[in-house]
Visitor: 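Have a look at this one.
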Amino acid sequence: MKQELLDFLNTDLQFVKGVGPVLAARFDDVLSGRRVLDFLLHHPSGVRRRDLVDNVMDATTGDVVTVPLLVQTVRPGRSFRGRRSPTQITCVDRAGNRVIIQFFNANFLDYWLQKLPVGAWRIVSGKLERPGRGGNIINHPEFIEPIDAADKIPRSQAIYPAGEGLTQKTFANVRDQIFAALDGNVGLGTSDDQTREFFDAMRAVHFPQTPDDLSPHADAMVKLAYYELLAHQSAIAITRRERADARHRRTVRPKKHDLMDRFYDLLPFELTSAQVTTIQEIHDDMRRDIPMMRLVQGDVGSGKTIIAMAAAVMCAETGAQAVLLAPTDTLAQQHFAKLQPLCEKLGMVCECLTGRDKGAARREKLISLKSGRTKLAVGTHALFSEDVVYRDLGLVIIDEQHRFGVAQRSAMCAKGNHPDLLALSATPIPRTLSMTIYGDMDVSIIHQKPAGRKPIKTTKLPMGRVGALIGRIAAQIDAGAKVFWVTPLVTDSDETDMTAAVARHEMLTQYFPHTGLVHGQMDKKQRDAVMATFADDHSGMSLLVATTVIEVGIDVPRATIIVIENAERFGLAALHQLRGRVGRGSTQSYCVLVHGDNITPDGTKRLDVLCETDDGFVIAEQDLMMRGVGELLGTRQSGWIQYHFVDYREHRDLFKLAARAAADMTTPSSWVHDLMYMFDRSTTIGA
Ligand code: ADP
Ligand code: MG
């Protein structure tokens, strides 16, 4: 691919026309990065048609209708006994049906009247409601245009999985800017056929005309899914080959100290047998002349951190250094807080290095790493910055490995001489897929929770009965519990998640005065501060209202209740991960799945699966079987592994095709390199 095209794909979204830093930051929670490329990889999940009808009775209640209307009368909103009635504009359609357009915001009255002058025909497009006795009502229409400007209303509108503070109009604008640039002079026009076809497929997916265009069997979707799989499978094939090449190139480091016995003595608990087995496997791997590449898969709370620590200790026994790489500052600091005291008792120097370290303090840490004095470095991307040098990096541990791309994994490993690699993942992959997804790694599965851990009691609750929860929660809080209250992700609406979270926070504060609130519109620092207060046992903050921004992996041992609103709108994976935020201690924990009245049969089935089991592997298998495309919210948390275009259920044949193509490849072509670059799960979080 041409450099100018790559540069364009790499451009920070804030430099796209009409975006800027504030809006760009809002994309953080929705996209896997902040580049133009990350936007392209985030494709619409649906299509809204705005076909013109003449008779409003032809449209279904709750659907969007686009209809020419004659404006007849205006009744401005009035205040009466402290309540405000909406401004109502009465119109008729060509068939003579009455339609009332309502506006709730009084401040813009003049603006609306100017858009809808009495006696004029206008094309109006918005959601049609028919409350009560059959009247037709459109609240705050999305489009109002003169009859001769009908083409200003998009016939089909792509619906993107949105996030807080991002409307569909924003998505459409950014998309239009990006494709206008691609049509301009960023080098696409003069690119080779493959590249142009690739971006043609991107265009088809971002400008869908009908829902069929987004089906997993649409040509463009199949093409992109295949390329995505090819990129992934090629990366696996390359690491496998590199690893085979590394055989005999490194010498097994002899053991210089005895630390493991002391490590075992220091443990405040008995290891589970799954933990013991895994540590043994790691031990054996580290004694071989081929670098270890092991993935430890275990549900949230299964105790992977201590396994990482054991590996670091075994590495320190040889005098070499280990790094533990976490996807965010918060997680890095949490790991450090846990591991540092253990290290201190073992006489191992442990440091934490993140993007926050600057100046003299950072320099000092780098010197300690370079001299080999630091034996365990915990941190984020900062650990593989260019100027970080290790004396003898023997082990790379990656936590939440799906958050890192293959390129980042290599960048980290390149800091040592064929170091061992240990990846940790809380994302159970269905057995049927684990070979194709993690084909380059040996896998240890921790299929067991620490002893004394009680299964989380999970129940469904209709929204109408939420009031009954308050008493239960109050009793638990009195007994010392901490409670997460997760509010839904609102997509495709003017309302944002924040609105829902703020409203819920307000309501709950009446019962529990010291209730915390985190949402995506707060900046990271504010969010972290609230999270820290909540996690602090002595803070008195027992209830935390949060949108789905609450971090995976955050450890609040006293949290024993999680309430998830609109649970039916989340995927199984997301629900399972959210639920994993409780049940981390020995007290009984609860998860309440609150759902709306109009829950679909599939939604009910999903919630039932969660009520029946908390085995992540079972849930993953079920998810694979029932996963309906498009029904789930397409955010980062909704998948077990974050493919953009691949549909596990529908693209099974593509998996095989891509794996075969990658295995047959002797050296990857430059196109395959481009694909790997484009689809590599890279992360800009906490950078
Ligand atoms: P995860 O696998 O999600 O990373 P952690 O390593 O954070 O899980 O462990 C979750 C909690 O369980 C921690 O508080 C940890 O100290 C505790 N833990 C880990 N192993 C055991 C064990 N064998 N017995 C009791 N508690 C354990
Ligand atoms: Mg963890």
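Bear in mind the structure is a predicted one, so any value in this text is a computation, not a measurement. In listed order, ligands and their atoms are each counted from 1. The figures here come from the full heavy-atom set of this structure, side chains too, leaving out hydrogens, waters and symmetry mates.
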Visitor: With under 30° as parallel and over 60° as perpendicular, where do the rings of F679 and H644 fit, or are they tilted in between?
Guide: tilted

Visitor: Heavy-atom contact under 4.0 Å between G298 and ligand 1?
Guide: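 Checking ligand 1 against G298, which is what was asked, there is no heavy-atom contact under 4.0 Å.
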
Visitor: Of the backbone atoms (N, CA, C, O) and the side-chain heavy atoms from C-beta on, which set of D299 has a member under 4.0 Å from an atom of ligand 1: side chain, backbone, both, or neither?
Guide: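 Backbone only; the side chain of D299 stays clear of ligand 1.
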
Visitor: Among R606, E568, R569, find the one that has a side-chain contact (heavy atoms from CB on, under 4.5 Å) with H595.
Guide: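 Only one option passes, and that is E568.
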
Visitor: With a cutoff of 4.0 Å, is P557 in contact with ligand 1, counting heavy atoms of the residue only?
Guide: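 No, that is not the case, since the closest heavy atom of the residue is not under 4.0 Å from the ligand.
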
Visitor: Within the 4.0 Å heavy-atom shell around E270, which atoms of ligand 1 are there?
Guide: 22 (C), 23 (N), 24 (N)

Visitor: With backbone taken as N, CA, C and O and side chain as the heavy atoms from C-beta onward, which portion of K338 lies under 4.0 Å from ligand 1: side chain, backbone, both, or neither?
Guide: side chain

Visitor: Hey, is the main chain of R35 close enough, under 3.5 Å, to the side chain of D38 for a donor-acceptor pair?
Guide: yes

Visitor: Does any N or O atom in I306 lie less than 3.5 angstrom from one in ligand 1, N or O only?
Guide: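 I306 vs ligand 1: no N/O contact under 3.5 Å.
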
Visitor: Take atom CZ in R472; do more than 12 heavy atoms of anything else shown fall under 6.0 Å from it?
Guide: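 No.
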
Visitor: Taking only heavy atoms of L271 into account, list the atoms of ligand 1 that are under 4.0 Å away from them.
Guide: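 In order of numbering, the contacting atoms are 23 (N).
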
Visitor: Salt bridge or not for D608 and K460, using N-O below 4.0 Å?
Guide: yes

Visitor: Give the atom numbers and elements of ligand 1 that come within less than 4.0 Å of a heavy atom of S302.
Guide: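 Per the distance check, 2 (O), 8 (O).
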
Visitor: Could you work out, for atom 5 (P) of ligand 1, the closest of T305, T272, V276 by heavy-atom distance?
Guide: T305

Visitor: Counting both backbone and side chain atoms, is some N or O of F269 under 3.5 Å from an N or O of ligand 1?
Guide: no

Visitor: Quick test of your reading of the model: are R579 and D614 salt-bridged, counting only N-O distances below 4.0 Å?
Guide: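 Answer for the salt bridge query: no.
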
Visitor: Under 4.0 Å between a side-chain nitrogen and a carboxylate oxygen: does that hold for K338 and D399?
Guide: no

